[in-house]
2 protein chains.
Amino acid sequence: MPVENLFSDLPTQPLPAELVDLLASQAGVRIKRIVSTGQASPDDFWYDQDEHEWVTVLQGAARLCFDDGEVLEMRVGDHLVINAHRKHRVDWTTPEEVTVWLAVFYPA
Amino acid sequence: MPVENLFSDLPTQPLPAELVDLLASQAGVRIKRIVSTGQASPDDFWYDQDEHEWVTVLQGAARLCFDDGEVLEMRVGDHLVINAHRKHRVDWTTPEEVTVWLAVFYPA
């Protein structure tokens, strides 16, 4: 049984897109590591998901925006549930270091 | 919408038992923070769970044992899926610092 590490295989320079690794998937539940190297969502893009998402930042820093105007600065260890269909976007991830997100998607 | 932090409210001295916080719960999925201050499972105790568990160590260090004889040293960021009914126990958590586990339980 392999044990892997959430901080392994991180990029050493900016990538053209986020890096997504599926860590576990079963019965509508998906656990993903998402690695950002300064990426943000396009200005006019909103995630509008059918599933709930619990998300945390394990390394780096980020800022989430919601279409109700809320803005969340995310530091290491900060976590929240984004309810299904709560529109949101990644407004910013730090260019200073690699940002490692852990996200759990589960049925609404 | 509250944002909380996985590393907040950690004990500053050993506790008599592990500290468990339910971070999210929906549709058979439970996300928990488990804080150990040197605890281990009793010698003859095995977890035998109906659900799959994805688990990682976010701070500290631990050792898992399985009834098939496998022993896993868990360092920060190490993660694995423990399949439902794979019997396991926490053989050791470091007494040197607080160990923070993140566990996602989901239907088998």
Side-chain angles (χ1 to χ4, degrees), chain A residues 1-10 21-33 35 50-59 61-84 86 88 98 100-108, chain B residues 1-10 21-33 35 50-59 61-84 86 88 98 100-108:
Chain A
M1 180 180 51
V3 170
E4 299 182 350
N5 192 286
L6 295 168
F7 303 104
S8 67
D9 300 324
L10 294 179
D21 292 295
L22 185 63
L23 308 180
S25 176
Q26 176 89 7
V29 177
R30 286 168 298 126
I31 303 176
K32 292 183 181 179
R33 181 183 80 164
V35 173
D50 291 334
E51 297 163 303
H52 295 321
E53 177 182 356
W54 178 88
V55 66
T56 189
V57 168
L58 298 180
Q59 177 180 301
R63 185 170 55 241
L64 294 177
C65 290
F66 296 84
D67 72 342
D68 57 12
E70 187 164 356
V71 176
L72 282 181
E73 303 288 343
M74 300 281 290
R75 298 295 178 245
V76 169
D78 287 347
H79 65 92
L80 78 154
V81 172
I82 303 173
N83 282 331
R86 185 170 189 222
H88 60 285
V98 171
V100 179
W101 307 82
L102 182 70
V104 182
F105 297 87
Y106 53 98
Chain B
M1 180 180 54
V3 170
E4 298 182 350
N5 192 285
L6 294 168
F7 304 103
S8 67
D9 300 325
L10 294 179
D21 294 293
L22 184 62
L23 308 181
S25 177
Q26 174 91 8
V29 177
R30 285 168 299 124
I31 303 175
K32 292 183 180 179
R33 181 184 79 164
V35 173
D50 291 333
E51 298 164 302
H52 295 321
E53 177 181 357
W54 177 88
V55 66
T56 188
V57 167
L58 297 180
Q59 177 180 303
R63 185 170 53 241
L64 295 177
C65 289
F66 297 84
D67 74 341
D68 57 13
E70 186 164 359
V71 176
L72 281 182
E73 304 287 344
M74 300 280 289
R75 298 295 179 241
V76 169
D78 286 348
H79 65 91
L80 78 155
V81 171
I82 303 173
N83 282 331
R86 186 170 191 223
H88 61 284
V98 172
V100 178
W101 306 83
L102 181 71
V104 181
F105 298 86
Y106 53 97

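Only a predicted model underlies this, so the values are computations on that prediction, with no experimental measurement involved. Labels below follow one simple rule: chain letters A, B, ... track the order of the sequence lines, proteins then strands, and each chain is numbered from 1. Worth knowing before you read on, the calculation uses all heavy atoms, side chains too, and leaves out hydrogens, waters and symmetry mates.
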Do you know the tightest heavy-atom contact between A:Ala27 and B:Pro107? CB-O, 3.9 Å

So CG of B:Asn5 and NE2 of A:His79: to nearest 0.5 Å the spacing works out to 7.0 Å

Once rounded to the nearest 0.5 Å, what's the spacing between atom CD1 of A:Ile31 and atom CG of B:Leu102? 8.5 Å

If every non-hydrogen atom of B:Trp54 is compared with every non-hydrogen atom of A:Ala24, which pair is closest and at what distance? CD1-CB, 4.1 Å

Can you confirm whether B:Asp9 is buried at CG, in the sense that more than 12 heavy atoms of other residues, nucleotides or ligands lie under 6.0 Å from that atom? no

Heaviest contributor of heavy-atom pairs below 4.5 Å to chain B, chosen from A:Leu23, A:Thr56, A:Val57, is A:Leu23

A:Glu51: salt bridge (Lys or Arg N to Asp or Glu O under 4.0 Å) partners, not counting sequence neighbours: A:Arg30

